[in-house]
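Read the structure below first, then the notes.
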Amino acid sequence: GMSDIQSEDLLREDLGLDSLMLVTLMVLLEEEFHIEFLAADLDPFALIMVQDVEELVNRYIAGG
């Protein structure tokens with residue numbers, strides 16, 4: 001396990017997330033931040049780095 005996750009870390013290569021883990025992560029983020037992602041925003045090819053997930057969550061929190 002990694003003790004420190006950085007924005008530049010790759011979700012699959014560095015953190016070892018597979019598609020099921022990525023879906024689980026997104027569900028947990030929805031619950032934690034009381035948001036609901038649109039299916040169009042959950043493109044696995046667009047979510048490469050931790051930063052991509054951070055930006056997506058921040059966009060929903062900001063209302064956009």
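By convention here, the first residue in the shown sequence is residue 1.
M26 places a side-chain heavy atom less than 4.5 Å from the side chain of L56. You'll find the side chain of D43 stays beyond 4.5 Å of the side chain of L47, heavy atoms only. Annotation: side chain of S19 is not in contact with side chain of R12 (no heavy-atom distance under 4.5 Å). The side-chain heavy atoms of D41 and R59, taken from C-beta on, include a pair separated by under 4.5 Å. The closest side-chain heavy-atom distance from L11 to L22 is below 4.5 Å.
Judged as a ring-ring contact (aromatic ring centres under 6.0 Å, His included), the pairs with a partner in residues 37-59 (not counting sequence neighbours) are, in order, F37-Y60.
Separation of atoms CG (L42) and CD (E30) is listed at 7.0 Å; rounding is to 0.5 Å.
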Item to check | Intermediate values then yes/no, side chain to side chain contact (heavy atoms under 4.5 Å, CB included), V50 and L15 | outcome: CA-CA 9 Å; V50 171; L15 302 180; 3.6 Å; yes
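Connection of L17 to V27 is not established within any shared hydrophobic cluster, with ILVMFWY side chains joined at heavy-atom distances below 4.5 Å, either directly or through further cluster members. In this structure, L28 is not a member of the same hydrophobic cluster as M21, with clusters built from ILVMFWY side-chain heavy atoms closer than 4.5 Å.
Contact between L10 and E13 at its shortest, heavy atoms only, is CB-OE1, 3.5 Å.
Judged by distance alone, with hydrogens and angles left aside, the side-chain atoms of N58 form a donor-acceptor pair with the main-chain N or O of E54 at under 3.5 Å.
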